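Convention: sequence-line order gives letters A, B, ...; per-chain numbering from 1. What you are looking at is a predicted structure, and each value in this text was computed from that prediction instead of being measured.
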There are 2 protein chains.
Amino acid sequence: MSGTRLQSHPASAAEVARLAGVSRSAVSRTFIEGASVSAETRARVLAAAEALNYHVNHLARGISKQDSRPVCLIGATLDAPFHARMLDRLTQALQRARRMVMVINTGGADGPGAGVHQALEHALSYRAVATVVLSGTPPADLVAACVAAGQRMILLNRADPLPGICHIRVDDAPAMRDAVSMLLRAGVRRCALVTSASGTPALAQRAAHFRREAEAAGLSLRVWQGGPTAYATGQRAARELLAGADRPEGIFCVTDLLAFGVIDAARHEFRMEIPRDLSVIGFDDVAQASWGAYDLTTFAHPFDAIAEEILLRIGSTELPEAPILLPPTLCWRGTVRPEG
Amino acid sequence: MSGTRLQSHPASAAEVARLAGVSRSAVSRTFIEGASVSAETRARVLAAAEALNYHVNHLARGISKQDSRPVCLIGATLDAPFHARMLDRLTQALQRARRMVMVINTGGADGPGAGVHQALEHALSYRAVATVVLSGTPPADLVAACVAAGQRMILLNRADPLPGICHIRVDDAPAMRDAVSMLLRAGVRRCALVTSASGTPALAQRAAHFRREAEAAGLSLRVWQGGPTAYATGQRAARELLAGADRPEGIFCVTDLLAFGVIDAARHEFRMEIPRDLSVIGFDDVAQASWGAYDLTTFAHPFDAIAEEILLRIGSTELPEAPILLPPTLCWRGTVRPEG
DNA sequence: CTGAAAGCGCTTACAG
DNA sequence: CTGAAAGCGCTTACAG
């Protein structure tokens with residue numbers, strides 16, 4: 001990439017061939033790994049390409065070659081810490097594999113349904129090799145239509161398996177057992193569960209697991225559910241849970257973001273000290289969880305493992321039937337009392 | 001998008017034409033806005049398309065039509081709150097304009113130089129209509145090479161204008177005047193400036209503006225610079241600035257992320273109260289700035305205005321010569337003492 | 001309004 | 001190893 005030549009239109013392979021005095025095919029071969037070209041023609045082609053500032057048009061190549069087709073990432077609220085982290089890891093992994101990645105943000109659409117519908121249509125239109133749904137819950141019939149149209153689909157953290165689709169999920173049952181036993185050891189008797197009303201299957205399932213474990217352990221449990229998966233929702237939850245008598249002594253939030261809201265409201269609006277007056281546990285281990293202001297005890301979402309798994313599946317021709325379960329890992333920090 | 005038909009290969013327009021009993025061109029016309037097709041053929045084509053689960057192949061269309069070519073977004077550390085926010089707003093805006101957006105994460109590359117180089121080559125290869133560089137500082141000669149290859153480029157927050165390129169920048173000179181006068185009113189005499197060593201031109205310029213204003217106002221100023229633009233860097237800065245005698249009474253951080261680190265270290269490691277013992281000002285107004293734990297006084301980066309501006313420039317044939325300056329707006333919150 | 005034909009920029013058997 | 005030719009899936013003058 002050198003050159004000062006100004007061009008209105010980018011150079012095509014035909015022009016390169018002409019300048020190098022070789023055939024159109026020779027130019028193609030020069031830029032295909034392992035194709036048979038003599039060292040000499042190759043050199044001449046490369047020189048001509050350099051002179052004309054030529055780059056293979058991957059858009060055109062993608063028509064016939066599978067592997068220069070894009071991977072499509074669909075998600076919303078891309079600036080939420082969890083999504084941002086997933087996106088960062090995924091784009092990095094795909095970049096390493098020299099994949100083009102196209103991102104579709106379904107957040108700005110008129111209705112939630114409209115967004116996903118448009119997004120999937122978009123993915124189909126650009127003949128993505130695979131479509132990864134990072135968040136949200138695409139209706140089952142839409143997903144089925146995509147599969148029918150020959151689209152390879154990978155869904156993240158969706159609870160109920162759909163036929164013909166790759167599922168990658170976090171295995172949170174064991175983590176929920178850990179969460180409950182941490183609370184027990186902290187001397188918690190009355191606890192609460194905070195979750196959003198977003199209806200994401202993964203969160204619903206996580207909540208169900210926690211609930212089951214808490215009940216099995218004989219904890220008294222209040223379930224608070226409402227709003228989007230956001231900081232402000234956590235604040236609201238804390239305001240309602242901590243207002244009355246019989247305050248919970250421990251709160252599990254299905255997401256770090258909710259936990260931050262809970263902690264801040266507890267501290268600044270109720271003058272509580274954490275973990276002395278209240279133990280809090282989150283989930284995801286987003287960057288802020290390790291910040292001094294929170295120092296949140298949580299479970300690390302296996303971001304990198306998920307990214308690797310996706311990379312693996314994109315290349316392979318057939319997708320596994322059973323959901324792929326990846327374990328989160330406990331991050332012990334300072335928001336749960338160490339011992340009774 | 002209905003259908004249960006399983007296909008190995010997605011349907012092509014030729015197949016649709018055959019099924020509908022019309023010419024190949026008729027199918028194309030049906031899917032092009034404003035092309036002339038009779039209502040009847042149109043209906044037949046649509047029916048056939050539905051039956052075969054056909055979607056126009058935008059990859060192929062992009063070869064000849066400008067407007068189905070992608071917009072390329074280049075950035076690193078996409079999970080940093082500032083980048084995540086910009087990415088969210090930008091993808092949303094581009095989505096609304098029905099643009100395909102490809103994202104290139106230069107973070108994972110071997111060397112910092114290697115990443116940007118690869119990214120730009122990638123953008124060229126996919127014949128992006130425009131390439132937006134969100135962060136980082138691509139070497140001037142690389143950028144020149146892209147322009148030479150016919151690539152339209154938009155750079156964000158880069159200080160020195162390069163020829164033939166669209167620059168969008170935040171106009172932080174007035175904001176820095178505001179920052180200094182806020183500190184003065186808070187009774188601050190000894191102040192500090194915290195910035196990273198990342199060498200981003202925008203940050204360097206912002207720091208220079210603050211410095212000039214602070215000196216003009218007769219404030220005593222210590223400049224701390226080091227590390228990446230990250231939370232931990234802010235912590236380090238606070239540790240060094242607050243350790244000795246003659247502690248600063250006010251700190252301006254060129255970025256919210258740095259400010260969070262400063263605040264947490266000041267509170268939890270030095271037992272200081274904010275704003276009583278220390279006034280802190282940030283820049284960007286990232287989501288966390290309004291969280292209860294920080295309640296940070298800062299300047300809102302004009303994310304939406306930038307996104308709109310970019311959208312505008314992508315469509316237009318010629319880019320403006322002069323940099324586009326967008327003003328940040330003050331967010332008065334709780335980390336600066338109200339009055340002397 | 002419609003279809004046959006040439007074009008976009010690429011790849012890939014096929015002969016030599 | 002090489003080039004002429006057919007193919008990928010699309011669009012777009014050009015006649016009718």
Side-chain angles (χ1 to χ4, degrees), chain A residues 7-46 48-49 52-70 100 124-129 149-150, chain B residues 7-46 48-49 52-70 100 124-129 149-150:
Chain A
Q7 329 173 260
S8 49
H9 237 53
S12 77
E15 303 177 54
V16 175
R18 211 172 304 134
L19 180 61
V22 298
S23 76
R24 186 50 261 273
S25 330
V27 177
S28 267
R29 291 195 186 102
T30 302
F31 294 103
I32 292 175
E33 280 241 337
S36 64
V37 234
S38 69
E40 201 209 311
T41 37
R42 179 189 187 77
R44 274 169 52 197
V45 167
L46 287 177
L52 294 175
N53 221 324
Y54 169 74
H55 293 259
V56 177
N57 185 337
H58 276 69
L59 238 40
R61 180 180 271 183
I63 294 179
S64 28
K65 283 191 85 128
Q66 276 274 343
D67 52 315
S68 48
R69 279 160 42 182
M100 171 192 194
L124 248 32
S125 295
Y126 280 97
R127 299 290 187 271
V129 269
Chain B
Q7 330 172 259
S8 48
H9 238 52
S12 78
E15 302 177 54
V16 175
R18 210 172 304 134
L19 180 61
V22 298
S23 75
R24 187 50 260 276
S25 331
V27 178
S28 266
R29 291 195 186 102
T30 301
F31 294 103
I32 292 176
E33 281 241 336
S36 65
V37 233
S38 69
E40 202 208 310
T41 36
R42 180 189 185 76
R44 274 166 54 193
V45 168
L46 287 177
L52 295 175
N53 221 325
Y54 170 73
H55 293 258
V56 177
N57 185 336
H58 275 68
L59 238 40
R61 179 180 271 181
I63 294 179
S64 28
K65 284 190 86 126
Q66 275 271 344
D67 52 314
S68 48
R69 279 159 43 181
M100 172 192 194
L124 249 33
S125 295
Y126 280 97
R127 298 292 187 268
V129 268

### Task
Rounded to the nearest 0.5 Å, what's the gap from CG on B:Leu59 to OH on B:Tyr126? Could you check?
8.0 Å
### Task
Measure across A:His55 and B:Arg127 and return the closest heavy-atom pair with its distance rounded to 0.1 Å.
O-NH2, 2.8 Å
### Query
Considering all heavy atoms of both residues, which atom of A:Ala128 and which atom of A:Arg69 are nearest to each other, and what is their separation?
O-NH2, 3.8 Å
### Query
Of all residues at least two apart in sequence or in a different chain, which pass the salt bridge (charged side-chain N to carboxylate O under 4.0 Å, His left out) check with B:Arg44?
B:Glu40
### Task
Convert the base pairs of DNA chain D into dot-bracket notation, remembering that pairs crossing earlier ones are written with [ ] and that bases paired across to another strand are shown as |; include only Watson-Crick or G-U pairs under 3.5 Å.
|||.||||||||.|||
### B:Ser36 side chain near C:dT2 phosphate (N/O to OP1/OP2, under 4.0 Å)
no
### Task
Not counting sequence neighbours, which residues clear side chain to side chain donor-acceptor pair (under 3.5 Å) with B:Gln66? List them please.
none
### Task
Give, for atom OG of B:Ser12 and atom CD1 of A:Ile63, the distance between the pair rounded to the nearest 0.5 Å.
12.0 Å
Give every donor-acceptor pair under 3.5 Å between a side-chain atom in residues 27-39 of chain A and any protein atom, sequence neighbours left out.
residue: A:Ser28; atom: OG; partner: A:Arg24; partner atom: NH2; Å: 3.0
residue: A:Thr30; atom: OG1; partner: A:Ala26; partner atom: O; Å: 2.8
residue: A:Ser38; atom: OG; partner: A:Thr41; partner atom: N; Å: 3.3
residue: A:Ser38; atom: OG; partner: A:Thr41; partner atom: OG1; Å: 2.8

### Task
For each nucleotide in nucleotides 6-16 of chain D, reading 5' to 3', give B when a protein heavy atom comes within less than 4.0 Å of its base, S when such contact involves only the sugar-phosphate, and - otherwise.
--BBBBBB---
### Task
Rounded to the nearest 0.5 Å, what's the gap from CG on B:Asp67 to CZ on B:Arg61? Could you check?
8.0 Å
